[in-house]
Each structure stands twice: as structure tokens, then as C-alpha cells.
**Student:** 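Can you keep this structure in mind? I'll have questions shortly.
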Amino acid sequence: MKLIRVASFLLSISFILLSAGYLAAQSPAADSILYKSGIQHLVTLYHQASGEQSGLYNGSQYSGYFFSFTGGDPFFKDKEPGLGSVVYDGVLYENVMLQYDEIQDVVVMEDSARRIQLINDRIARFRLFDNNFIRIVKDTENAVLVRTGYYNLLYEGNISLLKKEEKYIREDPSTGVLLRFIESHVYYYLKRNNEYFSIKNKNSLLALFSDRKKEIRQYIRKNGLSYRNDRDNMLTKTIAYCDQLIK
């Protein structure tokens with residue numbers, strides 16, 4: 001059965017390559033698009049059809065934590081793994097069990113026998129609990145970002161909204177027993193024309209659209225949006241509205 005799948009996969013690649021060769025005489029741009037998307041799609045289908053996730057085992061054993069927490073949890077959304085997807089080494093793997101450890105800023109893949117910590121440099125993006133994360137490397141061109149790591153893409157358009165939640169451990173020995181608490185700090189960023197801007201409050205957001213402040217204020221007030229009480233919702237909806245304004 002496996003040989004049949006491999007043969008079918010190779011035949012499919014041959015068809016794509018022959019099609020790309022034909023289009024090369026017609027349109028080099030179309031050829032490039034077809035070739036790249038076709039090969040990516042076929043590789044993804046092969047992994048799905050064969051039931052193999054072998055590429056995801058290029059990581060290390062995830063050790064977790066050898067102590068308990070008095071308050072908080074290191075994982076995004078849920079302490080239990082969730083069904084998600086990840087682009088790893090350029091290949092899309094779907095329907096895999098994932099966890100996102102926000103203290104160590106690592107993605108963990110779990111099967112019936114192992115918990116594998118995936119290699120950060122090989123992850124382009126992943127999806128977990130209906131949230132999309134992308135990995136961004138901090139450099140001189142985006143120095144405003146807090147660090148290299150995974151950013152939650154709350155809205156994506158001509159302008160995009162990203163959220164970074166950093167979790168850390170606070171130790172408290174005051175009771176005679178060492179207690180450990182997980183605390184966090186959240187950062188928001190707007191991306192526009194490949195440039196990142198920090199959003200620290202409602203005023204800093206409005207300052208990024210100084211020529212449309214009045215309209216944006218009216219939109220926020222009309223829709224009962226509150227930065228203080230529901231930042232994710234307020235920023236996501238407001239950024240989406242701003243994206244429409246500047247088109």
C-alpha cells in the first residue's frame with residue numbers, strides 16, 4: 001500500500017513538472033507560481049495520505065516542568081494539547097496535537113508516545129485553538145518588537161495586528177515553602193508597510209492614524225469598544241475598521 005502511495009506521489013510530481021514545462025513557453029511567471037504551489041501542495045498531500053509526520057520528529061524530547069505552579073499555566077489557552085497545524089521546514093502538517101509553552105516560547109508536538117519540542121528556526125507559523133501564530137525574528141529593522149518569537153496574528157490585511165504574551169515564573173519563598181506563580185505581560189503591535197509600531201494604549205493607536213482620529217473615535221464609541229476591558233476585541237475590530245479607511 002505504501003509503495004502505491006509513493007508511486008502515485010511521483011506520478012503527480014511528474015504531471016506538475018510537465019505542466020510547468022509547458023507553461024514556461026507561455027509565461028515564466030505562471031510557471032514559477034504553478035511549480036512552487038504545486039510542489040508544496042503535493043508534499044502536503046503526500047504526508048497526509050501516508051499518515052507520516054516524520055518531519056515533525058526533528059526536534060528534542062520536551063521535558064516540561066518538574067514542579068507545580070500555585071497560580072497560572074505555562075501553556076497557551078489550555079494545559080492539554082489541542083488539534084492544530086504547523087508549517088515546519090516549509091511543509092504544512094495538519095491535524096496534529098500541539099501545545100504552545102509561552103514561558104519557554106516553544107511549540108510541542110504530542111503523539112501517543114512522545115512529546116517533541118519542535119525547532120523554532122524551522123517553524124514559519126502554526127495554528128492552535130483558532131489562533132494563528134507567526135514567528136518573527138527581531139532585528140534592526142523591527143527593533144520595536146520585544147523579542148524574537150511567536151506573535152499571535154489577531155488581524156491581517158493591508159495593516160496587521162499582532163499580540164505577544166510573555167509569561168514568566170515568579171517565586172515566592174515568604175511562607176517557608178517555595179511557591180511559584182506564572183505572570184505575564186502582553187504587547188501589541190501594528191504592522192504597516194513592513195514597519196512595526198507599538199500600541200500601548202488607545203491614544204497610541206489613534207496617533208498612528210492622526211488624519212482619521214475623529215472617525216475612529218466615533219467608531220469605537222458607537223460600537224462600545226473598550227481598550228481597558230477587552231483589548232483584543234477592541235484592537236482587532238478597530239484595526240479592521242482602519243484597514244477599510246485607508247484602502
Side-chain angles (χ1 to χ4, degrees), residues 33 36-37 40 72-73 75-78 82-87 92 94-95 98-103 105 107 120 123-168 182-247:
I33 293 171
K36 291 179 181 178
S37 62
Q40 172 62 67
D73 193 273
F75 300 106
F76 173 72
K77 287 286 187 182
D78 197 316
L83 194 64
S85 62
V86 59
V87 176
L92 171 63
E94 296 183 298
N95 300 317
L98 300 176
Q99 283 182 300
Y100 173 30
D101 183 333
E102 293 183 288
I103 292 179
D105 205 32
V107 178
N120 285 337
I123 299 177
R125 61 173 61 223
F126 68 93
R127 181 173 176 81
L128 182 62
F129 300 124
D130 294 323
N131 285 258
N132 294 302
F133 290 84
I134 59 174
R135 186 169 186 271
I136 304 176
V137 177
K138 179 178 178 177
D139 54 30
T140 55
E141 293 185 359
N142 54 32
V144 68
L145 299 180
V146 62
R147 58 175 291 183
T148 293
Y150 300 108
Y151 288 75
N152 194 345
L153 191 58
L154 298 181
Y155 176 82
E156 184 174 23
N158 294 311
I159 54 178
S160 299
L161 174 65
L162 301 106
K163 174 184 178 181
K164 177 64 179 172
E165 182 173 14
E166 283 203 310
K167 290 184 178 179
Y168 55 93
I182 294 179
E183 298 188 353
S184 65
H185 190 87
V186 176
Y187 303 85
Y188 293 95
Y189 300 95
L190 181 143
K191 182 182 180 183
R192 183 177 183 181
N193 297 327
N194 291 320
E195 187 174 359
Y196 293 88
F197 303 89
S198 176
I199 301 175
K200 296 181 178 180
N201 49 48
K202 185 173 73 173
N203 288 333
S204 65
L205 171 62
L206 292 172
L208 296 174
F209 303 95
S210 55
D211 58 332
R212 313 302 289 266
K213 272 187 180 182
K214 183 177 179 180
E215 295 164 88
I216 298 172
R217 286 186 188 275
Q218 290 175 344
Y219 174 82
I220 293 172
R221 186 165 50 252
K222 179 181 178 180
N223 290 274
L225 302 177
S226 171
Y227 182 87
R228 176 178 296 179
N229 298 324
D230 192 356
R231 294 182 184 180
D232 282 14
N233 183 55
M234 180 270 183
L235 289 174
T236 300
K237 289 184 176 179
T238 304
I239 293 298
Y241 175 70
C242 293
D243 197 17
Q244 297 298 316
L245 282 181
I246 64 175
K247 281 185 177 179

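Computed from a predicted model, the values in this text were never measured in an experiment.
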**Student:** When rounded to the nearest 0.5 angstrom, what is the spacing between CD in E165 and CG in D105?
**Tutor:** 11.0 Å
**Student:** If we only count heavy atoms from C-beta on, is the F76 to N152 side-chain gap below 4.5 Å?
**Tutor:** yes
**Student:** Please report the closest heavy-atom contact between E156 and S160, naming both atoms and the distance.
**Tutor:**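 Reported closest heavy-atom pair: CA-OG, 3.5 Å.
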**Student:** For the backbone of Y150 and the side chain of K164, can you confirm whether one donor and one acceptor N or O come within less than 3.5 Å of each other?
**Tutor:**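 A pair under 3.5 Å: yes.
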**Student:** Take Y189 and N142 through the test side chain to side chain donor-acceptor pair (under 3.5 Å) and record every step on the way to the result.
**Tutor:** CA-CA 11 Å; Y189 300 95; N142 54 32; over 6 Å; no
**Student:** To the nearest 0.5 Å, tell me how far I220 CD1 sits from L206 CG.
**Tutor:**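 The CG atom of L206 is 5.5 Å from CD1 of I220, to the nearest 0.5 Å.
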**Student:** Without swapping roles, check the side chain of N203 against the backbone of N201 for a donor-acceptor pair under 3.5 Å.
**Tutor:** no
**Student:** Test Y188 against L205 for side-chain contact (heavy atoms from CB on, under 4.5 Å), laying out the working first.
**Tutor:** CA-CA 10 Å; Y188 293 95; L205 171 62; over 6 Å; no
**Student:** Is there a side-chain contact between F209 and R192 (heavy atoms, below 4.5 Å)?
**Tutor:** yes
**Student:** Taking N223 for the side chain and L225 for the main chain, is one N or O donor matched with an acceptor at less than 3.5 Å?
**Tutor:**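 Judged by distance alone, no pair lies under 3.5 Å.
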**Student:** For the residue pair M234 and Y227, what are the closest heavy atoms and their distance?
**Tutor:** CG-N, 3.8 Å
**Student:** Name the one of D243, I216, N233 that satisfies side-chain contact (heavy atoms from CB on, under 4.5 Å) with T238?
**Tutor:**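 The residue from D243, I216, N233 that satisfies side-chain contact (heavy atoms from CB on, under 4.5 Å) with T238 turns out to be I216.
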**Student:** Closer than 4.0 angstrom, basic N to acidic O: yes or no for K77 and D130?
**Tutor:** no
**Student:** In terms of heavy-atom contacts, does CD of E215 have more than 12 from other residues, nucleotides or ligands at under 6.0 Å?
**Tutor:**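 For E215, atom CD is crowded (more than 12 foreign heavy atoms under 6.0 Å).
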**Student:** Please give me the minimum heavy-atom distance between F75 and D78, naming the atom from each residue.
**Tutor:** CB-O, 3.4 Å
**Student:** Would you compute the distance between atom CD1 of I123 and atom CZ of F133 and round it to the nearest 0.5 angstrom?
**Tutor:**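 Going from the CD1 atom of I123 to the CZ atom of F133 covers 12.0 Å.
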**Student:** In the structure I gave you, are the side-chain heavy atoms of L190 and Y155 within less than 4.5 Å of one another anywhere?
**Tutor:** no
**Student:** Quick one: does any side-chain atom of K167 pair with a main-chain N or O of D73 as donor and acceptor, under 3.5 Å?
**Tutor:**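 Indeed, once roles are kept as given, a pair shorter than 3.5 Å links the two residues.
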**Student:** Find the distance between CZ (F197) and CG (L145) and round it off to the nearest 0.5 Å.
**Tutor:** 11.5 Å
**Student:** Which heavy atom of D139 sits nearest to which heavy atom of E141, and what is that distance?
**Tutor:**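 Closest approach of D139 to E141, heavy atoms only: OD1-N, 2.9 Å.
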**Student:** What are the two closest non-hydrogen atoms of L162 and I136, and how far apart are they?
**Tutor:**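 What the structure gives for the nearest pair is CD2-CD1, 3.7 Å.
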**Student:** Let's go through R147 and E166 carefully: what are the C-alpha distance in whole Å and the side-chain angles of both, what is the deciding distance for side-chain contact (heavy atoms from CB on, under 4.5 Å) to 0.1 Å, and is it a yes or a no?
**Tutor:** CA-CA 10 Å; R147 58 175 291 183; E166 283 203 310; 2.6 Å; yes
**Student:** L235 vs K163, test: side-chain contact (heavy atoms from CB on, under 4.5 Å). Steps then yes/no.
**Tutor:** CA-CA 10 Å; L235 289 174; K163 174 184 178 181; over 6 Å; no
**Student:** For S198 versus V144, what's the shortest heavy-atom pair and its separation?
**Tutor:** CB-CG2, 3.9 Å
**Student:** How about I239 and L154: do any of their side-chain heavy atoms sit closer than 4.5 Å?
**Tutor:**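 Sidechains of L154 and I239: no contact.
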**Student:** Counting only heavy atoms not in N194, do more than 12 sit closer than 6.0 Å to its CG atom?
**Tutor:** no
**Student:** Using only atom types and a distance under 3.5 Å, with no angle test, would you say the side chain of T148 pairs donor to acceptor with the backbone of K138?
**Tutor:** yes
**Student:** Could you tell me the separation between the CD atom of Q99 and the CZ atom of F129, rounded to the nearest 0.5 Å?
**Tutor:** 8.0 Å
**Student:** To the nearest 0.5 Å, what is the distance between CG on N132 and CZ on R127?
**Tutor:**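 Separation between the atoms: 4.5 Å.
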